[in-house]
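Here the structure is a predicted model, which means the values were calculated and not measured. Residue numbers begin at 1 in each chain, while the letters A, B, ... track the order of the sequences. Basis for what follows: all heavy atoms, side chains included, without hydrogens, waters or symmetry-related copies.
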Amino acid sequence: MRERFRRIFQGAVYGPLFFLLGVSTAYADWELNMTRGVTPISHDTFDLHMIIFWVCVAIAVVVFGVIIYSLYAFRLSRGAQPDIAMVHSTKAEIIWTLIPIGILVAMAIPAAETLIKIEDTRAPDVTIKVTSYQWKWHYEYLGDANDPFVKSNFGFFSNISPESNRARQLGSGIDVFQVDNYLRDVDKSVVVPVNRKVRLLLTSNDVLHAWWVPELGGKRDTIPGFVNEMWFLAEEIGVYRGQCAELCGRDHGFMPIVVEVQSEADFAKWVGENGGAVGGGPAETPDVVEGTVAAAATGGGAGSAEPVDMELSFDDLMARGETAYLTNCSACHQLNGQGLAPAFPALAGGVITTGALDAHLDQVLNGKAGTAMAPFSYLSNTDIAAIVTYERNAWGNSTGDIIQPSDVQAAR
Amino acid sequence: MSHTADAHHDHHAAPSGFKRWLFATNHKDIGTMYLVFALVMFFVGGTMAMIIRAELFQPGLQFVDPGFFNQMTTMHALMMIFGGVMPAFVGLANWMVPLMVGAPDMALPRMNNWSFWLLPVAFSLLLSTLFFAGGAPAGGWTMYPPLVLQTGNAFPFLIFSVHLMGMSSIMGAINIVVTIMNMRAPGMGLLKMPLFVWTWLITAYLLILAMPVLAGAVTMLLTDEYFGTSFFNAGGGGDPLMFQHVFWFFGHPEVYIMILPAFGIVSQIIPTFARKPLFGYESMVYATASIAFLSFIVWAHHMFTVGMPLSGQLFFMFSTMLIAVPTGVKVFNWMATMWRGSMTFETPMLFAVAFVFLFSIGGFSGLMLGITPADFQYHDTYFVVAHFHYVLVPGAIFGIMGGVYFWMPKWTGHMYNEKLAKIHFWLSAIFVNVTFFPQHFVGLAGMPRRIPDYATQFADFNMVSSIGAFVFGVSQLLFVYIIWSCVRGGEKATTAVWEGSHGLEWTVPSPAPHHTFEVAPEVP
């Protein structure tokens, strides 16, 4: 703590100094300025930002300079006599109306040029449909048989990483400084090729959200019932992080975005591994190989590609169930299963979770109309089996039921 | 006949006890009630800000649930905007407008009473939702659907209290317009009115035009929720964005409703302590009117990221940039008023000078936000939070505080404690910057607003900001103490109070008697 305070003191002294000198990256812990980003648009935006910033600084130096001089020179204690005849000057009024208008026109021209470029979404190389949910993202790569990369549609959900999700719980006791990319990490990243125009089609399943990765330049809202467009062309390979930027309810702060920009070869390989290169038919995302049980529970894909005759032990189901529950259910029903009255009922001792198994599976697979309970049929059979097993045997629930993927498949 | 005469006499009897306040029709009593109410709400909203800053002191969740955090940000804004800043300005108008134009009272005293007493009802309803199962509204003060429709039991309370606040504001505004138009003393021509009266006249028109739009927007939310309409539901042929357009058509004029009266106050204070008339009086009036007009054609700059057509974005970018011109004229005029003056720095002047500096910083960041491509990066980040707190705290609230120190001797008949007041000023002025300046940095570095927890690279500046907020918050207790002790006693104030004071309000005794200007004064 003492160390933190010392750094803060340093920052308080150096921060404004560096800012004024424009040495924005000199002190990495004290990031002061907008990122320059890795796309042509983010570069243009950064340049506009810096021009208007320096224009403001210049005006401030003149205006504040005159006022500060006045505060010093024209004080009663220095014997200043008020010039009470000085009440109006048409010439001054005209000058200080025209000069700002000139500055504004000079600013408006490059801003309009950049804006026109931003809105030009024509001729994309890759198109990804982004759908926002409370509180996760779904990405669907739109394929075409003639497309050089994506031959057919495929998609997946992207949730906050389990490590961040555990650490961010109220009173988790986990030091968030020890969590890698705390709140800026996901279980499955969006992958795009470098130097290619990527167009996003953005919409929402429930409320408004906004998709924003600062390095890729700008954000755009996702609106239920409407499709918005934006595009970016990343010029550098790397991993870029952002998060939802429009208040979307309780867990607005916990829906990160991670974009991996890869070489074309790596991207093509990734598409192949994720099902998009397979010609014909609706693609399914193969689930991760069983074994690292908990780590695989990512909600990463629909599960029919997974063997349904697999048998898991109770302990494996509970371990995987805990992680999958954390990712998919805990935002509403809470980590401790107590829910949040009145909208989100408690699962600990709940009617459904301790009642008939069929009704429980039905609720998870199909949701409940008229409530916030969404259908989760897109999760793999294994994840649903693990979640239901976990819900029926955690927090003092003791049905002793063990649900296998085959049971889930049968209930679909 | 005799009955009527008796009633007339009763009007002049001094009412006492709670009836004096409950049945108040006197503009000074109602003004006092507005100001006290605003002060209470300022502390209620301030307490919520302290909870927000405590949670944001460090990354990770330490104190509150994210849902409760959202309730705090939502309620903080509603309390401060509708409970703090707006009633404070109406209170100042109630006290000072009749005194400044030489009127015996407000034109519509009974309506004045009602417009005040609606407010405690509205805010009791709204604050009671904090104790509901499911909690208070948490969808942001902007009430965007579909999120706001998830509110639960607090939802109808939110809508009804917003309706009540709107009624209160509209009636208060009508009263001010009628008073200014009809009750000026002979010789008080429109272009002789003090600038505070002018800015309030224009603000009152903004209120009358803007508040019904808000009422319409929230009524449509109500019918969407309970009566099966689909104004904002795409599934039924509506559009969630229409709410944003309607809301900001109210919301942007609302921004100026919260700053124009502060412009007026500063334009009274600076000439007084520079001992020199306001420079460019007429251009100040025209600049205020231009800002008011422009405020109705710039609303969509609050929603650049929703995906508007290019032509719409260009129009709103250009119109937004234009606002810098009349705003600049005002700052230049204040600058020229100080130039070759003979200044002293009593507390009202300190607040006014700080206003000019810090409001300008808020204006600069506003200009930056108006550049649409740059706004795509700034939008919904802490840069925006820093921007509007710069115009609202050292802008609107410093204006109010300066006004309170400026006119308090006239209200109470006592001088406030100048030494303590200066300490209050310096604590406020320093720590408002410690609180909000670092928020520019975290916003530019990519921290979104309205989040209860943040990535670790934002930790250091957030801690600085929280420390600033705690000290700023605690300093305001000193303000309450200074007001309290000034009401109780202190050095006797003269009629003119200030050496450089100028205007009708400084010709009545201090404290101002319960009834003033029963005979219209001579306007020099």
Side-chain angles (χ1 to χ4, degrees), chain A residues 7-8 11-12 31-34 45 48-49 52 56 63 66-67 70 74-76 80-84 86-88 93 96-97 100-101 104 108 111-112 114-115 118-119 168 170 176-177 182-184 207-208 210 214 218-221 223-225 228 245-247 249-253 341-342, chain B residues 59-61 65-67 133-134 140 144 146-147 152 234-235 240 275-277 279-280 283 305-307 310 313-314 318 321 324-325 328-329 331-332 335 338-344 364 367-368 371-374 376-377 379-380 441 444-446 448 450-453 455-457 460 463-464:
Chain A
R7 282 168 57 208
I8 280 169
E31 185 58 59
L32 298 166
N33 205 353
M34 185 190 282
T45 304
L48 282 173
H49 159 72
I52 189 75
C56 288
V63 175
V66 172
I67 296 177
S70 305
F74 305 119
R75 25 196 326 147
L76 184 65
Q81 291 297 314
D83 179 1
I84 54 171
M86 182 191 155
V87 291
H88 180 70
E93 300 280 357
W96 64 47
T97 305
I101 289 177
L104 291 176
T114 303
L115 195 55
I118 290 174
E119 293 301 324
R168 66 100 176 174
L170 183 59
V176 298
F177 288 95
Y182 176 60
L183 299 185
R184 288 283 173 108
V207 300
L208 307 175
K219 58 179 75 67
R220 186 98 346 154
D221 294 357
I223 300 159
N228 260 335
E246 173 71 49
L247 179 64
R250 185 172 177 276
D251 282 353
H252 164 52
Chain B
L61 288 180
D65 175 85
Y144 285 179
L147 182 63
R275 292 167 180 75
K276 183 164 161 279
F279 187 86
S283 72
T305 62
V306 300
L310 177 63
Q313 295 185 39
L314 289 171
F318 297 149
M321 292 169 86
V325 175
V329 166
V331 173
F332 297 138
M335 179 181 86
M338 289 188 251
W339 186 258
R340 294 167 72 180
S342 174
M343 285 188 273
T344 52
F364 290 136
L367 184 56
M368 295 170 79
I371 309 290
T372 310
F376 288 156
Q377 292 280 27
H379 183 82
D380 261 331
F441 303 144
L444 290 175
R450 293 168 161 174
I451 55 173
D453 191 4
T456 49
Q457 67 263 35
D460 293 334
M463 194 178 272
V464 174

So, the part of A:L76 with a heavy atom under 4.5 Å from chain B: the answer is both
Answer whether the closest heavy-atom distance between the side chains of A:E93 and B:F332 falls below 4.5 Å. no
Part of A:A108 within contact of chain B (heavy atom distance under 4.5 Å): both
In terms of heavy-atom pairs under 4.5 Å with chain B, the winner among A:I84, A:D251, A:N228, A:L170 is A:L170
Name the option with the most non-hydrogen atom pairs under 4.5 Å to chain A; the candidates are B:V329, B:I451, B:D453. B:D453
Contacts of A:R184 meeting side-chain hydrogen bond (donor to acceptor under 3.5 Å, both in side chains) (sequence neighbours excluded), chain-then-number -> A:Q243
Quick one: does B:Q377's side chain have a donor or acceptor within less than 3.5 Å of a partner on A:P214's backbone? yes
Could you measure the distance from the NE2 atom of B:H379 to the OG1 atom of B:T372? Nearest 0.5 Å is fine. 12.0 Å
From the list B:G328, B:P240, B:A374, the residue making the most non-hydrogen contacts under 4.5 Å with chain A is B:P240
Heavy-atom pairs under 4.5 Å with chain A - which of B:L147, B:I371, B:L367, B:V325 has more of them than the others? B:L147
Between A:R168 and A:Y182, is NZ or CZ placed under 6.0 angstrom from the six-membered ring centre and within 45° of the ring axis? no
Bottom line for A:I118: the part with an atom under 4.5 Å from chain B's heavy atoms is side chain
Roughly how far, to the nearest 0.5 Å, is OG1 of B:T305 from CG of A:D221? 3.5 Å
Of the listed residues (A:V66, A:T45, A:I67, A:D83), which shares the most heavy-atom pairs with chain B below a 4.5 Å separation? A:D83
Ranked by heavy-atom pairs below 4.5 Å to chain A, first place among B:R450, B:R340, B:M368 goes to B:R340
Checking A:V87 now: which residues fulfil side chain to side chain contact (heavy atoms under 4.5 Å, CB included) with it, not counting sequence neighbours? B:P277
Region of A:Q81 in contact with chain B, defined by heavy-atom distances below 4.5 Å: backbone
Please classify the contact of B:F364 with chain A as side chain, backbone, both or neither, using a heavy-atom distance under 4.5 Å. both
B:K276 and A:F74, any side-chain heavy atoms less than 4.5 Å apart: no
Atom group of A:L48 that falls short of 4.5 Å from chain B, counting heavy atoms: side chain
Show the numbers, then the answer: is there a side-chain hydrogen bond (donor to acceptor under 3.5 Å, both in side chains) between A:S70 and A:R75? CA-CA 8 Å; A:S70 305; A:R75 25 196 326 147; over 6 Å; no
Heavy-atom pairs under 4.5 Å with chain A are the metric here; pick the option from B:P66, B:G280, B:A234 that has the most. B:P66
Looking at A:V176, A:L115, A:I223, A:I101, which makes the most heavy-atom pairs under 4.5 Å with chain B? A:L115
